[in-house]
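Residue numbers run from 1 in the order of the sequence given. Just so it is clear, the structure is predicted and the values come from calculations on it, not from any experiment.
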Amino acid sequence: VQLQASGGGLVQPGGSLRLSCAASGLTFSSYVMGWFRQAPGKEREFVAAISWSGGSIYYADVVKGRFTISRDNTKNTVYLQMNSLKPEDTAIYYCAALDARSSWYPKMKNMYEYAYWGQGTQVTVSS
C-alpha cells in the first residue's frame, strides 16, 4: 500500500493550496480517507475526513469554512483544497486511510485508527 501526498509549498497568508493524495495497493473505495497535520513541536492533529462514498465529510473546527476535502474513487485520489490560509496552518500534512468496513465514525479523528499513511507534504504559510 502506498499513499503519495503532493501539492504542498510556500504560500502567503490568505492564499490557497490544493493537496492531493494518490493511493495504490488498496481498494480505495473501502477506506475512509483523512488528512492530518503536524506543526513543529506539536502533536499530529485531525484536519478532515471523507467517507468512502464522499457522502459524509467532517472537519476540525479550526479549518471549517476554509478547507474542503473531496475524493475521486476513479482516480484513487483524495484532495484537500485549502483557502484563506493562515500562518498557523503551517505544518506537514499527511493523508491516511481508515477501513470503512468497521464502525469508523467514532474513530475518524483518532490517528491511531488509521491503517495507512502517506509520507507528508510541507505547507508553509508566510509573508
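- Geometrically, R37 does not engage Y94 in a cation-pi contact defined by less than 6.0 Å to the ring centre and at most 45° from the axis.
- The disulfide (SG to SG under 2.5 Å) contacts involving residues 40-127 comprise C21-C95, where partners must be two or more places apart or lie in separate chains.
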Item checked: Test side-chain contact (heavy atoms from CB on, under 4.5 Å) applied to M82 and L19, step by step -> CA-CA 8 Å; M82 305 185 296; L19 306 183; 3.8 Å; yes
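- The side-chain tip of R71 does not point at the ring of Y31 from less than 6.0 angstrom away and within 45° of straight on.
- Note: M33 CE to I50 CD1 = 10.0 Å, rounded to the nearest 0.5 Å.
- Considering all non-hydrogen atoms of both residues, A97 and L26 come closest at CB-CD1, 4.1 Å.
- Residues V78 and I69 come closest through the heavy atom pair CG2-CG1, 4.0 Å.
- Of the inter-residue distances, the one linking N73 atom CG with S53 atom OG reads 8.0 Å to the nearest 0.5 angstrom.
- Residues W35 and S20 approach most closely at CH2-O, 3.7 Å, considering heavy atoms.
- Across all non-hydrogen atoms, the minimal contact from K75 to Y79 is CD-OH, 4.1 Å.
- Without hydrogens or angle criteria, R66 side chain to S84 main chain gives a donor-acceptor distance under 3.5 Å.
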Notebook entry, point to check: Please walk me through it: do W52 and V32 pass side-chain contact (heavy atoms from CB on, under 4.5 Å)?
Noted result: CA-CA 5 Å; W52 67 273; V32 172; 5.5 Å; no
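- Using a 3.5 Å distance cut-off with no hydrogens or angles, the side chains of N83 and S16 do pair a donor with an acceptor.
- Under a hydrophobic clustering in which Ile, Leu, Val, Met, Phe, Trp and Tyr are joined whenever their side-chain heavy atoms come within less than 4.5 Å, directly or via other members, Y112 and V1 fall into different clusters.
- Ring centers of Y59 and F46: at least 6.0 Å apart, outside the cut-off.
- Nearest heavy atom pair, residue W104 against residue D99, reads CB-O, 4.0 Å.
- Counting non-hydrogen atoms of other residues, nucleotides and ligands closer than 6.0 Å to NZ of K107 gives a total above 12.
- At distances below 3.5 Å, at least one donor-acceptor pair connects side-chain atoms of D89 with backbone N or O atoms of K86.
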Margin query: Before you tell me yes or no, could you show the steps for W117 and F36 under side-chain contact (heavy atoms from CB on, under 4.5 Å), namely the whole-Å CA-CA distance, both residues' side-chain angles and the distance that decides it to 0.1 Å?
Written below: CA-CA 10 Å; W117 288 84; F36 289 75; 3.6 Å; yes
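- A salt bridge links D61 with K64: at least one charged nitrogen is closer than 4.0 Å to a carboxylate oxygen.
- Y116 and Y114 fall into different hydrophobic clusters, where Ile, Leu, Val, Met, Phe, Trp and Tyr residues are linked whenever their side-chain heavy atoms come under 4.5 Å apart, directly or through other members.
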Listing, residues 119-126 side-chain donor-acceptor contacts under 3.5 Å, not counting sequence neighbours, or none:
residue	atom	partner	partner atom	Å
Q119	OE1	A5	N	3.2
Q119	NE2	A5	O	2.8
T121	OG1	G8	N	3.1
Q122	NE2	A91	O	3.4
Q122	NE2	T124	OG1	3.3

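- Atom CG of L98 is separated from atom OG of S51 by 11.0 Å, given to the nearest 0.5 angstrom.
- A49 and M108 make their closest contact through CB-SD, 4.1 Å (heavy atoms, listed as atom of the first residue, atom of the second, distance).
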Checklist line | Pair Y93-L17, side-chain contact (heavy atoms from CB on, under 4.5 Å): steps then yes or no | finding: CA-CA 12 Å; Y93 283 71; L17 282 174; over 6 Å; no
